[in-house]
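Just so you know, these numbers use all the heavy atoms, side chains as well, and skip hydrogens, waters and symmetry mates. First listed ligand is number 1; within each ligand, the first listed atom is number 1.
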Amino acid sequence: MNFLEERILKDGIVKEGNVLKVDSFLNHQMDIALFDKMGKEFKSRFDGKPINKILTIEASGIGIAAVTAQHFGVPVVFAKKAKSINLEGEMYVAEVESFTHRTKNQVIVAKKFLNQDDHVLIIDDFLANGCALQGLIQIVQSAGAAVEGIGIAIEKGFQPGGQIIRNLGFHLESLAIVDQMDEATGAITFREK
Ligand code: 5GP
């Protein structure tokens with residue numbers, strides 16, 4: 001079991017509706033020493049790739065992306081959630097359905113921060129159905145940039161996102177893959193590597 005899996009077992013809480021609550025170390029209060037280990041791990045898993053930019057989505061991806069960026073020595077761009085767009089000419093736009101809030105948002109990135117010369121590592125906290133990632137991938141592709149890899153802290157392996165993204169041929173690395181979780185007992189089972 002790796003450091004993140006150990007922390008999830010210690011402090012993660014299984015909620016109804018297939019939601020794993022990790023707000024004591026990742027989604028609300030943030031354990032920066034843990035993020036630093038995650039950043040180091042992403043650096044080793046994507047070693048040798050010509051990554052010059054990290055892309056994430058607000059809000060909870062930003063902390064992990066920022067600490068990870070220290071290990072790569074590159075800037076972070078975060079896609080912003082926007083209710084209405086009136087700057088379309090200057091923005092890349094994608095539609096994203098939120099798993100936790102069940103709402104649809106447009107997410108935007110200013111064109112000046114992403115272009116065809118960029119080699120992007122996408123980072124996010126959770127992968128569930130894959131909507132957030134597909135929106136980010138769409139934005140990178142609209143810019144003519146390359147997706148060099150995707151780094152996720154916690155993948156919920158019993159939801160379809162991971163399979164969809166891997167089937168599309170992307171290099172996806174999840175630090176912890178939860179294969180089962182039981183709301184009644186609180187038990188969490190990880191995928192064996
Ligand atoms: P997806 O688009 O893959 O369905 O969901 C990804 C987004 O939903 C993540 O960025 C994360 O913010 C949120 N999310 C999905 N599942 C969970 C969960 O079990 N716990 C928490 N805390 N967030 C989740």
Side-chain angles (χ1 to χ4, degrees), residues 4-5 7-31 34-35 38-39 42 54-69 76-83 92-109 120-141 147 149-191:
L4 182 58
E5 293 167 332
R7 187 60 178 269
I8 293 166
L9 284 192
K10 182 168 163 274
D11 292 327
I13 300 165
V14 181
K15 293 281 188 187
E16 63 172 357
N18 283 335
V19 171
L20 177 62
K21 207 161 178 181
V22 288
D23 61 356
S24 66
F25 61 95
L26 197 145
N27 281 143
H28 194 12
Q29 176 168 257
M30 299 187 287
D31 182 336
L34 183 84
F35 284 17
M38 289 168 39
F42 285 133
I54 289 178
L55 177 68
T56 188
I57 183 165
E58 71 175 0
S60 45
I62 295 175
I64 299 167
V67 177
T68 298
V76 177
V77 175
F78 63 92
K80 295 187 173 202
K81 291 174 182 157
K83 283 271 179 286
Y92 301 113
V93 183
E95 184 132 301
V96 170
E97 191 170 337
S98 158
F99 173 79
T100 34
H101 301 112
R102 311 248 169 226
T103 53
K104 276 193 179 173
N105 275 299
Q106 284 184 311
V107 296
I108 56 169
V109 170
V120 179
L121 174 63
I122 296 175
I123 293 283
D124 205 2
D125 59 341
F126 269 90
L127 172 54
N129 292 326
C131 288
L133 273 190
Q134 296 208 59
L136 293 176
I137 291 167
Q138 190 187 323
I139 283 176
V140 175
Q141 292 178 337
V147 178
I150 300 169
I152 296 291
I154 306 171
E155 174 180 337
K156 292 190 293 180
F158 52 86
Q159 288 180 251
Q163 176 111 40
I164 292 168
I165 299 294
R166 289 186 181 92
N167 285 349
L168 288 169
F170 293 103
H171 178 184
L172 168 63
E173 294 282 348
S174 301
L175 302 185
I177 303 180
V178 175
D179 263 345
Q180 272 182 309
M181 50 186 211
D182 187 328
E183 188 194 326
T185 63
I188 298 171
T189 313
F190 297 105
R191 188 170 302 176

- Val77 vs Val120, side chain to side chain contact (heavy atoms under 4.5 Å, CB included): CA-CA, chis, key distance, verdict: CA-CA 10 Å; Val77 175; Val120 179; over 6 Å; no
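Within a 6.0 Å sphere centred on CD of Gln163, heavy atoms belonging to other residues, nucleotides or ligands number 12 at most. Within 6.0 Å of the CD atom in Gln180, the count of heavy atoms belonging to other residues, nucleotides or ligands does not exceed 12.
Just one of Asn105, Asp124, Ile139 meets the side chain to side chain contact (heavy atoms under 4.5 Å, CB included) condition when paired with Ile57; it is Asp124.
Judged purely by atom type and a 3.5 angstrom limit, Lys80 has no side-chain atom pairing as donor or acceptor with the backbone of Val109.
Salt bridge annotation for Arg191-Glu5: absent, with no cationic side-chain nitrogen under 4.0 angstrom from a carboxylate oxygen.
Protein residues having at least one heavy atom under 4.0 Å from any atom of ligand 1 are Asn18, Val19, Leu20, Asn27, Ser60, Phe99, Thr100, Asp124, Asp125, Phe126, Leu127, Ala128, Asn129, Gly130, Cys131, Ala132, Lys156, listed by chain and number.
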